[in-house]
Amino acid sequence: MEKELIIVLDCGGQYNQLIARRVRECNVYCEVHPSALPLPELLAKNPKGIILTGGPNSVYDPESQHYNPELFTSGIPILGICYGAQLMAWTMGGRVETAPVSEYGKTLVDIESNGALFGKLPAQTTCWMSHTDYISQPPAGFLTTASTPVCPVAAMEDPDRKLYAVQFHPEVTHTEYGREVLEAFVLGACGCSGDWRMDDFAERTIEEIRAKVGDGRALCALSGGVDSSVAAVLMSRAIGKQLTCVFVDHGLLRKDEGKMVDAVFGPEGPYDLNFVHVDARDRFYSKLEGVTEPEEKRHIIGEEFIRVFEEEAKKIGKVDYLVQGTIYPDVIESGLGKSAVIKSHHNVGGLPYHVDFREIIEPLRMLFKDEVRKVGLTLGIPEELVYRQPFPGPGLGIRIIGDITEDKVKIVQEADAIYREEVDQEMRRYREAHDGQFPAWRPNQYFAALTNMRSVGVMGDFRTYDYAVALRAVTTDDFMTAESAPIPWDVLQRCMNRIVNEVTGVNRVCYDLTSKPPGTIEWE
């Protein structure tokens with residue numbers, strides 16, 4: 001039976017894939033397409049519903065997103081969000097204009113009518129707003145269902161024509177009842193049954209990969225991290241021995257990482273893979289010598305990775321495809337499409353302009369980290385691998401501020417190993433004492449970074465002038481936003497004592513309290 005489908009039409013907003021993710025959380029399959037997708041092509045997909053995203057434009061701007069106005073008379077349930085709501089109002093004869101007061105951030109919204117979307121909501125709720133324009137007058141036939149003191153139409157609907165709109169963003173966690181609003185649209189207005197699961201994604205993706213690759217060959221950039229490991233097993237299920245996994249030790253791995261990758265994916269591991277281990281440490285150190293600028297580091301590492309893969313591909317024979325474990329937060333941060341560049345990822349924005357492969361396959365590109373983990377579990381990958389600490393492709397190269405040397409790599413490897421060991425032990429103790437429950441402070445990612453700062457210290461009776469190590473731990477659902485994890489003080493004290501006493505070259509340990517935004521999870 002064909003799966004139920006919700007289509008998100010991207011009008012240029014930064015939350016397009018986040019909306020799709022929220023729909024998938026309703027157990028309904030969702031795809032994102034450009035707003036200019038031809039209407040016949042859209043209708044041929046037989047969607048149960050359509051969601052129009054936010055965007056940076058004004059609907060009365062001639063450079064606004066292209067779309068087919070007949071979309072709104074197609075009879076398919078449509079939800080407009082922010083710009084999408086304004087587009088609906090403008091197209092259907094309402095009035096959209098510049099708001100006298102813009103609304104950004106958490107805003108109290110008054111529910112004027114429960115309507116189809118607000119049946120479970122109280123009379124007043126907190127929603128996330130981000131708009132300069134607003135709907136000053138709804139189109140004929142639309143009922144205003146929500147408002148704020150400065151936004152007369154915070155939500156509207158015309159159930160007879162199956163048209164619904166909200167000025168706020170229900171997809172972000174800051175909107176108090178956002179999940180309920182989307183569920184009301186997807187499961188209520190669209191009539192979806194909600195029987196889709198992530199293993200359906202795996203099956204569908206395997207079929208698509210098999211059809212794309214045919215009798216060709218692919219090379220997978222395997223780092224041993226969660227994303228590349230899931231991508232490797234997914235590809236292996238699709239094309240078997242047509243896949244070769246290449247693990248490049250660039251000298252910027254965590255302590256004993258290479259041995260772990262060999263044990264899992266090598267000849268003695270559980271997977272029937274063509275596996276190649278390349279020791280390229282000297283090569284990467286030479287290329288990075290004296291380089292201090294973060295983006296330059298990322299591009300050097302990204303380009304050198306590709307060159308190693310190309311060389312290995314030539315040894316194998318003709319290889320058509322390069323496979324990478326890119327996930328959606330990587331794409332957003334690298335500024336591909338309409339987003340601003342935050343930082344380049346070697347497996348997206350850090351790629352060189354010329355790549356000697358027919359095509360790059362990124363099977364996880366539109367998923368978030370926790371969704372990738374779910375895919376991994378459906379593929380039978382062991383939990384200890386699926387729930388490993390995330391590790392960036394450029395490795396410790398972006399956890400060492402300033403220039404990179406072998407001595408600095410050794411320092412951050414040792415400090416990081418101590419930190420992770422102490423946090424892991426503390427969580428184990430807690431779970432043993434609380435029937436397997438994790439502590440409330442459990443971080444989703446935690447690591448040590450080496451700052452470029454040296455400071456005066458005292459060890460014994462001697463003055464020292466050594467490096468400061470920064471410890472980082474964050475809690476997050478999707479790695480798009482994150483908060484600093486409240487690691488217990490006594491755990492941090494133990495980490496500090498061990499690092500200062502056991503790691504040569506360190507005399508100071510700091511804890512990073514910065515959230516994302518304004519910071520990023522990694523330091524560079």
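The first residue in the sequence is number 1, and the count goes up from there. For the numbers below, each heavy atom of this structure counts, side chains included, while hydrogens, waters and symmetry mates do not.
Below 30°, between 30° and 60°, or above 60°: for Y446 and Y419 the angle between ring planes is above 60°, a perpendicular geometry. Using bins of under 30°, 30° to 60° and over 60° for the plane-to-plane angle, the ring pair Y15/H169 lands in the perpendicular bin.
Checking I135, L87, T91 one by one against V59, the side chain to side chain contact (heavy atoms under 4.5 Å, CB included) holds for a single residue, L87. Checking each of R431, M427, E426 against R442 for a side chain to side chain contact (heavy atoms under 4.5 Å, CB included) leaves exactly one that passes, namely M427.
When all heavy atoms of L367 and I327 are compared, the closest pair comes out as O-CB, 3.4 Å. Smallest separation of non-hydrogen atoms from V166 and A155: CG1-CB, 4.0 Å. In terms of heavy atoms, P517 sits closest to T481 at CD-CG2, 4.2 Å. Nearest heavy atoms, D200 versus D195: OD2-O, 4.2 Å. Heavy-atom minimum distance, P363 versus T205: CB-CG2, 3.9 Å. Listed here is the closest heavy atom pair of S229 and I381: O-CD1, 4.2 Å.
Side chain of T53 to main chain of C11: a donor-acceptor pair is present (N/O by atom type, distance under 3.5 Å, no hydrogens or angles). Within the 3.5 Å criterion, the main-chain N or O of E296 finds a donor-acceptor partner in the side chain of E293. With hydrogens and angles ignored, the 3.5 Å screen pairs no side-chain donor or acceptor of S515 with any backbone N or O of L513. Judged by distance alone, with hydrogens and angles left aside, the side-chain atoms of T451 form a donor-acceptor pair with the main-chain N or O of A468 at under 3.5 Å. No donor-acceptor pair under 3.5 Å is formed between the side chain of E422 and the backbone N or O of V491. Side chain of T326 to main chain of R365: no donor-acceptor pair is present (N/O by atom type, distance under 3.5 Å, no hydrogens or angles). At least one donor-acceptor pair under 3.5 Å links the side chain of R22 to the backbone N or O of E171. With R210 contributing its side chain and A238 its backbone, the two residues share a donor-acceptor pair below 3.5 Å. A side-chain donor-acceptor contact under 3.5 Å links E4 to the backbone of S193.
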Open item on the list: Before you tell me yes or no, could you show the steps for S147 and E112 under side-chain hydrogen bond (donor to acceptor under 3.5 Å, both in side chains), namely the whole-Å CA-CA distance, both residues' side-chain angles and the distance that decides it to 0.1 Å?
Closed with: CA-CA 7 Å; S147 65; E112 299 184 6; 2.4 Å; yes
- [ ] Test side chain to side chain contact (heavy atoms under 4.5 Å, CB included) on L121 and N114 and set out the steps.
- [x] CA-CA 7 Å; L121 271 65; N114 287 338; 5.9 Å; no
- [ ] Go through the steps for E359 and K212 under the test side chain to side chain contact (heavy atoms under 4.5 Å, CB included), then give the verdict.
- [x] CA-CA 10 Å; E359 190 176 339; K212 176 190 285 288; 2.8 Å; yes
TODO: Determine, step by step, whether T98 and T132 satisfy the side chain to side chain contact (heavy atoms under 4.5 Å, CB included) criterion, reporting the C-alpha distance in whole Å, the side-chain angles of both residues, the deciding distance to 0.1 Å, and the verdict.
DONE: CA-CA 6 Å; T98 301; T132 301; 4.3 Å; yes
- [ ] I would like to know whether R399 and R472 meet side chain to side chain contact (heavy atoms under 4.5 Å, CB included); could you show each step before the answer?
- [x] CA-CA 10 Å; R399 293 180 181 176; R472 178 82 161 136; over 6 Å; no
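Atom CG of residue L234 and atom CD1 of residue I361 lie 10.5 Å apart, to the nearest 0.5 angstrom. The distance from atom CG of L18 to atom OG1 of T173, rounded to the nearest 0.5 Å, is 8.0 Å. Atom-to-atom distance recorded for L52:CG and Y83:OH is 9.0 Å, nearest 0.5 angstrom. To the nearest 0.5 Å, atoms CG (L163) and CD1 (I76) are separated by 11.0 Å. Atom SG in C510 sits 8.5 Å away from atom CG in L471 (nearest 0.5 Å). Remark: K162 NZ to T73 OG1 distance equals 12.5 Å, nearest 0.5 Å.
Using a 4.5 Å heavy-atom threshold, the side chains of S228 and L222 count as touching. Here the side chains of L377 and Y387 are in contact, with some heavy-atom distance below 4.5 Å. Taking 4.5 Å as the limit, some side-chain heavy atom of I51 sits within range of a side-chain heavy atom of F185. For the pair M129/V109, a side-chain contact is recorded, criterion being any heavy-atom separation below 4.5 Å from C-beta on. Counting heavy atoms from C-beta on, the side chains of Q167 and C127 never come closer than 4.5 Å. Considering only heavy atoms from C-beta on, P443 comes within 4.5 Å of I487 through its side chain. Within the 4.5 Å cutoff, the side chain of Q324 has no heavy atoms near those of the F305 side chain. Within the 4.5 Å cutoff, no side-chain heavy atoms of V474 are placed close to those of K516.
Side chains of Q445 and T476: a donor-acceptor N/O pair is absent below 3.5 angstrom, by distance only. In the model, Y134 has no side-chain atom that pairs as donor or acceptor with a side-chain atom of S102 under 3.5 Å. Under the 3.5 Å distance criterion, with hydrogens and angles disregarded, no donor-acceptor pair is assigned to the side chains of E157 and T145. In this structure, a donor-acceptor pair under 3.5 Å is present between the side chains of D133 and S58.
A salt bridge does not link E371 to K374: none of the charged side-chain nitrogens sits closer than 4.0 Å to a carboxylate oxygen. Look at E208 and R204 and you find a salt bridge, because one of the NZ, NE, NH1 or NH2 atoms lies within 4.0 Å of a carboxylate O, short of that distance.
Judged by the 6.0 Å and 45° rule, R420 forms no cation-pi pair with F447.
The neighbour count for R429 CZ, taken as heavy atoms of other residues, nucleotides or ligands under 6.0 Å away, is above 12.
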